[in-house]
Every structure is written in structure tokens, then in C-alpha cells.
Amino acid sequence: MANTLATRKQSAAIRHQMQLIRNALPRDVDAARAQAQELTDWRYHMRKNPWPFLAVASVAGYALVPAKRVRHTVTHPNPGAVQAQPAPPRKSLVGGVAGALFTLALRSGMTLATRRLSQAFMSPATPFQRAN
């Protein structure tokens with residue numbers, strides 16, 4: 001191959017492009033590693049989209065927690081008399097989910113209020129402080 005000015009310029013351009021690729025490669029590998037680690041982290045997905053996790057947790061909790069079996073023993077002064085027992089109150093799925101959502105909202109509100117108060121107390125300067 002002839003060593004002309006055009007081939008030298010083309011060769012220099014190729015070397016320069018290869019040097020840029022070699023310099024960018026470690027950053028690209030680090031970014032890919034961080035992205036792969038982020039995609040396999042369940043906490044990242046929980047922060048990004050918590051509703052499916054909440055639904056799965058509530059269904060799993062409902063399925064795993066055994067129902068309480070309450071037996072009522074009633075002693076009567078007259079053993080031959082039969083008395084009707086009131087039925088125990090039934091718990092519904094909607095009531096359980098509503099209670100869980102209320103608890104979640106209450107905890108979120110308390111966390112937000114705590115964070116705001118701590119930011120207010122930890123701010124470097126307030127309007128009531130004197131400048132020395």
C-alpha cells in the first residue's frame with residue numbers, strides 16, 4: 001500500500017478514533033455494571049413503582065396469615081337450656097386492605113413531617129438569627 005498523505009491522514013483518524021474508544025470503554029463498562037446492578041436490585045424497583053409490591057404483599061399476607069378460630073364456651077345455670085350464640089363479626093378483604101392503606105398513608109405522612117421538621121431545624125440560617 002502506498003504511503004500517501006491521504007492514507008496517513010486516514011490512519012491518524014483511525015488511531016484517534018480508537019484512542020477515543022479505548023478511553024470511553026472503562027466508563028461504559030462501569031455504567032453497564034451499575035445499570036445491571038440497579039436492575040437486579042428489588043429496592044430500586046420498589047422505589048420506582050411500589051404499587052405492584054404492595055398488591056403482592058397484601059395478597060401474600062392475606063393468604064399466609066391463618067384465620068383465627070374462636071370457640072365460645074357458654075356456661076348456663078340450666079344445662080338443658082339452649083341459647084343462641086351471636087355470630088362473630090366477619091372481617092372482609094376490603095376492610096383489611098383499607099386498614100393497610102390507612103396505615104401506609106399515616107406512616108408516610110409521619111415520615112414526611114419528620115423530614116420537614118428536621119430540615120427546618122438543621123437549616124444553617126433562619127431569618128430570626130442575627131448576623132455577627
Side-chain angles (χ1 to χ4, degrees):
M1 185 185 263
N3 193 358
T4 63
L5 180 63
T7 57
R8 283 187 294 228
K9 284 184 179 181
Q10 187 177 14
S11 174
I14 291 172
R15 282 192 199 99
H16 178 70
Q17 188 66 25
M18 289 175 64
Q19 184 64 34
L20 291 176
I21 291 171
R22 271 188 243 120
N23 290 341
L25 191 59
R27 290 189 302 264
D28 293 342
V29 169
D30 289 340
R33 184 181 301 129
Q35 186 178 12
Q37 187 175 11
E38 185 177 78
L39 289 176
T40 58
D41 185 19
W42 66 271
R43 290 176 197 93
Y44 165 76
H45 294 288
M46 177 67 183
R47 282 188 304 267
K48 189 173 180 182
N49 199 359
W51 293 111
F53 284 93
L54 181 64
V56 168
S58 61
V59 168
Y62 183 77
L64 293 176
V65 174
K68 291 183 181 180
R69 301 200 187 261
V70 179
R71 294 192 177 194
H72 297 284
T73 57
V74 179
T75 57
H76 298 288
N78 184 0
V82 176
Q83 219 174 20
Q85 296 178 358
R90 292 181 52 158
K91 295 180 182 177
S92 68
L93 176 63
V94 175
V97 170
L101 289 176
F102 177 75
T103 304
L104 180 67
L106 186 64
R107 286 185 180 176
S108 298
M110 290 297 290
T111 302
L112 181 64
T114 304
R115 190 177 304 144
R116 293 272 172 100
L117 281 173
S118 66
Q119 286 175 353
F121 287 126
M122 299 303 265
S123 64
T126 62
F128 299 110
Q129 288 180 337
R130 290 186 184 171
N132 291 344

Heavy atoms only: give me the nearest [X]-[Y] pair and the separation to one decimal.
| X | Y | answer |
| --- | --- | --- |
| N49 | P52 | O-CD, 3.4 Å |
| F53 | W42 | CZ-O, 4.1 Å |
| H45 | E38 | NE2-O, 4.3 Å |

Pairs where residues 50-65 contributes a residue and the test side-chain hydrogen bond (donor to acceptor under 3.5 Å, both in side chains) is met, not counting sequence neighbours: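 Checked against side-chain hydrogen bond (donor to acceptor under 3.5 Å, both in side chains) - neighbours excluded - no pair reaches residues 50-65.
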
4.5 Å side-chain heavy-atom contact, Q37 and D41: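 A side-chain contact under 4.5 Å is absent here.
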
Donor-acceptor contact below 3.5 Å, side chain T114 vs main chain M110: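 Yes, the answer is positive, given that a donor and an acceptor are paired below the 3.5 Å cut-off.
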
R22/M18 under side-chain contact (heavy atoms from CB on, under 4.5 Å): CA gap, chis, key distance, verdict: CA-CA 6 Å; R22 271 188 243 120; M18 289 175 64; 3.6 Å; yes

Approximate separation, where rounding is to 0.5 Å, of L5 CG and K9 NZ: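 If I round to the nearest 0.5 Å, the distance is 4.5 Å.
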
Distance (rounded to the nearest 0.5 Å) between L106 CG and L101 CG: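 Output value for this atom pair is 12.5 Å.
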
More than 12 heavy atoms of other groups within 6.0 Å of Q19 CD: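 Yes, enclosed.
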
In one Ile/Leu/Val/Met/Phe/Trp/Tyr side-chain cluster, 4.5 Å: V97, V59: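 V97 and V59: separate clusters.
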
Worked check of side-chain hydrogen bond (donor to acceptor under 3.5 Å, both in side chains) between R15 and S11: CA-CA 6 Å; R15 282 192 199 99; S11 174; 3.0 Å; yes

With sequence neighbours excluded, residues passing side chain to side chain donor-acceptor pair (under 3.5 Å) with R8: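 Testing R8 for side chain to side chain donor-acceptor pair (under 3.5 Å), a comparison that skips the adjacent residues, returns none.
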
